[in-house]
Amino acid sequence: MRIPLVDLGAQQREIGDEVKAGLDEVFGATAFIGGPAVARFEQAYAQYVGATHCVGVANGTDAIELALRAVGVQPGGEVILPANTFIATAEAVSRLGGVPVLVDVDPVHLLMDPAAVRAAVGSRTAAIVPVHLFGQLAAVEEIGKIAADAGVPMVEDAAQAQGARRDGRAAGSFGLAAGTSFYPGKNLGAAGDAGAVTTSDGEVARAVRVLGAHGSAAKYDHEVIGMNSRLDTVQAVVLEAKLRRLEAWNEARRTAAARYEALLADVPGVSTPKVVPGNEDVWHLYVVQVDERDRVLAELNEAGIGAGIHYPTPVHLTGAYAHLGHGVGAFPVAEQAAGRILSLPMFPHLTVEQQEAVVDRLSQAVRGSRG
């Protein structure tokens, strides 16, 4: 049995008729830039998140960069973010001329450690970016207080957490702004690159929209140097159809996560993920930890199990960020986790039979590492 890490085909089959009808509307009206589909999706996603505004952009990296620029981060400003994240979080800071200041994560949930954040705040701190990793929220209350005490904005990286909540409040509604990605494999994924910024601050929303349209609020009236980053209308059609199903799909992920937890309960050598009290995880990824991870991963892949690693190298140990001067040992929790984490297949249409097959093959592989 071949089991993918993510099954996008099952999603597409579910929304195919709606997408076709939406695309017929777009092509019939030749509304290729902006248009009703984009406006409808922005309004619907803002309402879903519980924010006043949503501004669609070209991708998730642009979303974080534009959010940071819109809240006032200037070249040379330091932005605190976790070492355990996809490199795009740091790239967004670097692209606007900011300085990424990395901190370690907590050893249980692998989320940004508030104590490390507090220790990293300094006179040049311009913003703090908690990352809602793998589908659950970082410690936004504590990190938000640290940001407030320092007089700087908190900007969420909510790229992996569409629909995740903390005490009933959704990811993307806690910071002054939040960037999210609609890369195809996300819980809410487009049919290509797409992203958005959510905020309840009208000035921030306007700044994002202006910056993403060549610095222009009106044609040929360029207020600032901006960039070209707009949500494609075709992607808005796909996202609108998927957003209608997101709650049901996230609930299916929770069911699958609970099933993994039960199936793995008696499997020695596999550490299952833990949910922070108060969090409602949407399980963008189901990440376990094992010894001899690379060998275990290879055996799973050879058996047709689409497991993966998110992420094999912490930001500070990538070649791109060697200039920050952090060597091995700088962020020990992130580093240790990077050698043990293993992402198992996780998607809304995952079946009981598929999960049982994954766990059976994982059990065999882990037994090999234990002699």
Side-chain angles (χ1 to χ4, degrees), residues 64 67-68 71 73 76-94 98-161 164 166 171 174-179 271 273-279 281 285 287 289 310-318 320-341:
I64 300 171
L68 289 169
V71 303
V73 177
E78 294 183 349
V79 179
I80 300 173
L81 60 132
N84 181 33
T85 185
F86 183 54
I87 199 169
T89 315
E91 279 181 327
V93 176
S94 298
V99 179
V101 174
L102 303 175
V103 298
D104 215 341
V105 294
D106 80 85
V108 177
H109 309 99
L110 304 183
L111 296 166
M112 193 182 209
D113 183 354
V117 174
R118 190 176 294 280
V121 171
S123 61
R124 294 172 61 87
T125 301
I128 301 174
V129 180
V131 176
H132 303 323
L133 197 70
F134 303 155
Q136 67 169 321
L137 273 76
V140 284
E141 296 96 346
E142 193 170 353
I143 294 170
K145 185 178 186 308
I146 295 169
D149 290 345
V152 301
M154 180 175 74
V155 174
E156 301 166 72
D157 180 341
Q160 299 185 19
R166 178 159 180 77
F174 286 88
L176 181 56
S271 296
K274 307 299 182 228
V275 178
V276 177
N279 273 0
D281 201 329
L285 296 167
V287 180
Q289 294 191 41
H310 301 85
Y311 299 97
T313 307
V315 172
H316 66 291
L317 297 181
T318 64
Y321 284 97
H323 65 278
L324 295 180
H326 301 299
V328 174
F331 305 107
V333 178
E335 292 170 29
Q336 182 181 39
R340 290 177 45 81
I341 52 177

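Along the sequence shown, residues carry numbers from 1.
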With side chains defined as the heavy atoms from C-beta onward, is the minimum distance between V129 and L68 less than 4.5 Å? yes

For G76 against V99, the heavy-atom pair lying closest together: O-CG2, 4.1 Å

Give, for atom OH of Y311 and atom CG of L110, the distance between the pair rounded to the nearest 0.5 Å. 12.5 Å

So which heavy atom on A138 is nearest to which on V131, and how close? CB-O, 3.8 Å

Looking only at non-hydrogen atoms, find the nearest pair between A177 and V71 and report the distance. CB-CG1, 4.1 Å

All heavy atoms of P153 vs all of A126, minimum pair found to be CD-O, 3.2 Å

Qualifying salt bridge (Lys or Arg N to Asp or Glu O under 4.0 Å) pairs, either residue in residues 101-116, two or more places apart: none

P114: what forms a side chain to side chain contact (heavy atoms under 4.5 Å, CB included) with it, not counting sequence neighbours? A139, E142, I143, I146

Heavy-atom distance under 4.5 Å between the side chains of V315 and L324, does that happen here? no

Does any non-hydrogen side-chain atom of Q136 lie less than 4.5 Å from one of V275? yes

Results of side chain to side chain contact (heavy atoms under 4.5 Å, CB included) for A338 - residues two or more places apart only: P314

Run the side-chain hydrogen bond (donor to acceptor under 3.5 Å, both in side chains) test against S94 and tell me which residues pass, sequence neighbours left out. Y321

Using salt bridge (charged side-chain N to carboxylate O under 4.0 Å, His left out) as the criterion, list what pairs up with K145, not counting sequence neighbours. D149

Please list all pairs meeting salt bridge (Lys or Arg N to Asp or Glu O under 4.0 Å) that have one or both residues in residues 320-341, counting only residues at least two apart or in different chains. D291-R340

Which residue pairs pass the side chain to side chain donor-acceptor pair (under 3.5 Å) test when at least one of the two sits in residues 115-135, sequence neighbours left out? H132-E156

Going by side chain to side chain contact (heavy atoms under 4.5 Å, CB included), name the residues that satisfy it together with V103, two or more places apart in sequence or in a different chain. I80, M112, A116, V117, A120

Any side-chain heavy-atom pair from P107 and V333 closer than 4.5 angstrom? yes

Could I get the full list of side-chain hydrogen bond (donor to acceptor under 3.5 Å, both in side chains) partners for T89, not counting sequence neighbours? T85, D157

Minimum heavy-atom distance between L137 and N279, given as atom pair plus value: O-ND2, 2.9 Å

With A147 via side chain to side chain contact (heavy atoms under 4.5 Å, CB included) - residues at least two apart: I128, V152, M154

Short side-chain to backbone donor-acceptor contact, Q160 and F134, under 3.5 Å: yes

So, using side-chain hydrogen bond (donor to acceptor under 3.5 Å, both in side chains) as the criterion, who are the partners of E141 when residues are at least two apart? R166

Output all residues satisfying ring pair (Phe, Tyr, Trp, His ring centres under 6.0 Å) with F331, sequence neighbours left out; order by chain, then residue number. H316, H326

Give the C-alpha distance, both sets of side-chain angles, the deciding distance and a yes or no for side-chain contact (heavy atoms from CB on, under 4.5 Å) between F174 and V155. CA-CA 8 Å; F174 286 88; V155 174; over 6 Å; no

Closest non-hydrogen atom pair, I87 against A320: CD1-CB, 4.0 Å

Is the shortest heavy-atom distance from the side chain of L81 to the side chain of V93 under 4.5 Å? yes

